[in-house]
Amino acid sequence: MMDRNSRLRAGWTAAVLFVCVWNGRVVDAQAAPVEEFFCESIAGVAVVGWVNQGPYGSIRVYLDGELQSELSGTQEMYTEFGLSGGTQQLCIEPVDLAGVALVQTCCDVYSTPPPENLVCAALDATTAHLTWDNPADYSVIMPLVDGIPYPTYLTSSPDTEVTITGLSPEPHTICLLALPTGSIIPHYVVACCTFVSPGGPTILSGGACEPVPGTTQVDVSWENDHFSATIAAVIDGVLVQTAPGTISSFTTAPLGPGAHTICVQSIDGMGTVVEERCCDVTFDAAPQPSVSCVTLPGTTRMSASWVSDPSYDWIDVSIDGVLAATLPGTVTTYLSSELGGGAHELCIEAYTWEDISIGVDCCELSVVGTGPGLTCETVTGTTAVELEWLPIALFDSIQICVDDFVIATLAGGATSYTTPPLGSGSHSVCIKGLGASAVVLAEACCTTGEPVVELDITCAPVAGSRITVTWLPHPSYDTIEIRVDGVAISTEPGSTSSFTTPQLAPGPHLVCVIAIDATGAALDQDCCGGAVPLPGGPGNLSCATLDGFPAAFLTWSNPGVYDSVGIYVDGVEWLTIDGSLETIAIQNLTAGEHTICLEARGPSGFVFGVACCDVTIVDTAVGLFIRGDCDQDLGLDSDDVAWILQSLLPSGDQLACADACDVNDDGKVDIRDAMDLVRGLFTDNSAPPAPFPGCGVDPTVDRLDCETPSTCP
């Protein structure tokens, strides 16, 4: 008696020989520009080969007169997959280097059609009644439930119905595996349908939608009563997320004010939505900002106040139409700098996380200044300026400012000052009388020198938590100094007209540009404000493990730009990764329960937020195999194809490692796995999914397992 391996090789070697046996009928081959044309078809796949008499520019392939593909001029083989049932004509047509089509060489290919009009009707929660039509004669018709043979076998073509009992009350994929009568080389045709149990357990139960306080986000959760291949989230009719069927919660992005419908769909392995649960949430519109203003006594400064709201993310403050500051949404007051006498308008504009303006409110005040009688005279032959003013006993000290820079601080009783040389161009020279706690009580200014073209700068936030500033250049500018929040960060050539800052910490920033002439004197200065928003912590964190694999697989989304992300396991820092990553596998975990946290970091280690999840690592000593190594001899060959085909027959033995035989990693073992392995071994050298070529565990979640692991080194 032969052993099982010998019996398999003797009975099924023909299943892999179709790639080298050619007996197709050649049609219209007179004067064809190719030789040794051969053609064969099996199980819905046709293969043609030839010898070129070129050179050719390209080779076209036609199926029943329709162009299927245009190959390179050196190609001498073509494979057509997914033939429909019946006889079809497959032709190749060389095209010469001038683009002229030459004589076609054709052959007839035949594919046995699968059973037609297959219907899976539910008789009750655990019983399916299958009906179909037979367009061809079959010697065996075998039902498969989720890729597993059902213990009732139909043996002749006249049979067109069967009842399958004992199903679990959940969706199933049921297929008919039909062997055509008289087939010399064993091949199968397949038809499938989906069985959905009536009155079975709810796929999604215990669902809840909870708005996240202070935001327009929603925490959505549910329970999975049984296996789903995929979970999809649909918001207001738009698909926003898909995830493995094992997840049971997610948090939406900010939805904004108004009514929203959030749905969670359970999708089976055939891509069918088998259940959907929805909830409705409504977010009220945020209140409009309302600002009030007063003048700070003894100054020309305006003090503004307003009421904040949790929906405010940041607030822009503008004075007389010019942006003066960008503040966090929780701030409720603002004190301006000295504005000088006259009427002034202060406005605040509130924004949401979605960069949407909630509204604007303004207030107006007329301010009366109390200047100290300043006079300015340029010192003859220099660019220095001599200042004189009336003494005022109210001042504790006096500041001298040139072009908004403080160049000296004098005693409160001083009445004159001479500046150092200021350089060419126009300059604004001011004195500020300061009271207690450096409060500006009065200010007076004068302008000296000839005017130079103003910088007129603008600021715009850009990706990467940076700010780009632009200005107008002028021939008198020798160098340009860039300051951020009062700190000089760069010196550029005078011809420069734009600059992008390095990455900045979240929050408001003041960027100033100073034009300097050849003598080192400042000709002009202008500033503008820009804000870098807080990105928040990682969102939508999902943690998964695989039995027999000492690792946790994490995915998340980054709502902003991070410098780095710290990974902590059970409170101990495990590693630090690049801030742009949104997935990682944490390996070498010990068996047991672990808490894994992500810490999003910005410049100088600033922490934007933390997200955590819990995982359980089970025994890591089982489940190792090589994908496609069905007979577990640590190699892929025709014996593995024979093992797969044998397992699908009524007399087939139970597979010791079904995961290894699942060549295409679709969660079941069927005729497609045998065809994919044949194609990889003898046609296109394609490799199966991981684990391959070395040993490993299945990286995807399915119902197959490896009860007898491979003898992996």
With rounding to the nearest 0.5 Å, note down the distance linking OG1 in T418 to CD in E386.
4.5 Å

Any sub-3.5 Å donor-acceptor pair from D570's side-chain atoms to T595's backbone N or O?
yes

Side chain to side chain, C401 and K432, heavy atoms closer than 4.5 Å:
yes

For H260, the option from D236, T282, T216 that meets side chain to side chain donor-acceptor pair (under 3.5 Å):
D236

List the steps, then state whether side-chain contact (heavy atoms from CB on, under 4.5 Å) holds for V220 with V264.
CA-CA 9 Å; V220 185; V264 177; 3.9 Å; yes

Verify side-chain contact (heavy atoms from CB on, under 4.5 Å) between Y334 and I348, making sure each step is shown before the conclusion.
CA-CA 10 Å; Y334 176 76; I348 67 167; over 6 Å; no

Measuring from I596:CD1 to I586:CD1, what's the distance to the nearest 0.5 Å?
4.0 Å

For the residue pair V240 and V234, establish whether any side-chain heavy-atom pair is separated by less than 4.5 Å.
no

Can a side-chain donor-acceptor contact be found between D313 and T352 if the only test is distance below 3.5 angstrom?
no

Heavy-atom donor-acceptor pair, D485 side chain to L510 backbone, under 3.5 Å
yes

Measuring from atom CG of N558 to atom CD of E582, what distance do you get when rounded to the nearest 0.5 angstrom?
4.5 Å

If you take all heavy atoms of I467 and C459, which pair is closest and at what distance?
CG2-CB, 4.0 Å

Evaluate the pair C430, C445 and indicate whether the two SG atoms are within a distance below 2.5 Å.
yes

Do we see a donor-acceptor contact under 3.5 Å between the side chains of T500 and T468?
yes

Nearest 0.5 Å please: distance from the OH atom of Y562 over to the CG atom of L598.
9.0 Å

Determine whether a donor-acceptor pair (N or O, by modelled atom type, separation under 3.5 Å) exists between the side chain of W389 and the backbone of A414.
yes

When you compare the side chain of I262 with that of T252, does any pair of heavy atoms fall below 4.5 Å?
yes

Thiol sulfurs of C512 and C527 closer than 2.5 Å:
yes

Show me the side-chain donor-acceptor pairs of residues 320-327 shorter than 3.5 Å, one per line, residues at least two apart or across chains.
{"from": "D320", "atom 1": "OD1", "to": "E345", "atom 2": "N", "distance (Å)": "2.9"}
{"from": "D320", "atom 1": "OD2", "to": "H344", "atom 2": "ND1", "distance (Å)": "2.9"}
{"from": "T326", "atom 1": "OG1", "to": "D316", "atom 2": "OD1", "distance (Å)": "2.9"}

Between T261 and D280, do the side chains contain a donor N or O and an acceptor N or O under 3.5 Å apart?
yes

If every non-hydrogen atom of P289 is compared with every non-hydrogen atom of V360, which pair is closest and at what distance?
CG-N, 4.1 Å

Going by atom types alone, do S292 and S305 pair a side-chain donor with an acceptor below 3.5 Å?
yes

Okay, side chain of S308, backbone of T332: is any donor-acceptor separation there less than 3.5 Å?
no

Can you name the closest pair of heavy atoms from S336 and M302 and give their distance?
OG-N, 2.7 Å

Looking at side-chain heavy atoms only, is the closest gap between P502 and I489 below 4.5 Å?
yes

Just by distance, do the side chain of D309 and the backbone of Y312 share a donor-acceptor pair under 3.5 Å?
no

So, the side chain of E210 versus the backbone of V218: is there a donor-acceptor pair under 3.5 Å, distance only?
no

Going by the rule salt bridge (Lys or Arg N to Asp or Glu O under 4.0 Å), which residues pair with E599 if we only count those two or more places apart in sequence or in a different chain?
R601

Would you say the side-chain atoms of S357 and E349 include a donor-acceptor pair closer than 3.5 Å?
yes

Interatomic distance, CH2@W314 vs OG1@T330, rounded to 0.5 Å, equals 14.0 Å

In terms of side-chain heavy atoms, does S490 have a donor or acceptor partner in E492 at a distance below 3.5 Å?
yes

Does any non-hydrogen side-chain atom of T496 lie less than 4.5 Å from one of Y477?
no

Please evaluate residues Y417 and V385 with respect to the criterion side-chain contact (heavy atoms from CB on, under 4.5 Å), reporting the C-alpha separation (whole Å), side-chain torsions for both, the decisive distance (0.1 Å), and the verdict.
CA-CA 8 Å; Y417 178 78; V385 178; over 6 Å; no

Grab the two heavy atoms, one from S498 and one from T470, that are nearest each other, plus how far apart they are.
CB-CG2, 3.7 Å

Minimum heavy-atom separation for V331 and W306, please, with both atom names.
O-NE1, 2.9 Å

Pairing donors with acceptors under 3.5 angstrom, does anything connect the side chains of E573 and T576?
yes

Without hydrogens or angle criteria, can the side chains of T555 and T583 be said to hold a donor-acceptor pair below 3.5 Å?
no

Sorted by chain and number, sequence neighbours left out, disulfide (SG to SG under 2.5 Å) with C279 holds for C209

How about I482 and F499: do any of their side-chain heavy atoms sit closer than 4.5 Å?
yes

Within-4.5 Å side-chain heavy-atom neighbours: I567 and I577:
yes

Decide if atom CD of E377 counts as having more than 12 heavy atoms of other residues, nucleotides or ligands within a radius under 6.0 Å.
no

When you look at E593 and V615, which way does the side-chain contact (heavy atoms from CB on, under 4.5 Å) test go after all the steps?
CA-CA 6 Å; E593 297 183 353; V615 298; over 6 Å; no

Closest heavy-atom pair and its distance - A518, D478:
N-CB, 3.6 Å

Evaluate the side-chain proximity of C528 to T458: yes if any heavy-atom separation is below 4.5 Å, no if none is.
no

Quick one: does any side-chain atom of D526 pair with a main-chain N or O of I457 as donor and acceptor, under 3.5 Å?
yes

Rounded at 0.5 Å granularity, tell me how far OG in S337 sits from CD1 in I319.
6.0 Å

Would you please test C597 and C612 for disulfide bond (SG atoms under 2.5 Å apart) and show each step?
CA-CA 4 Å; C597 295; C612 299; 2.0 Å; yes

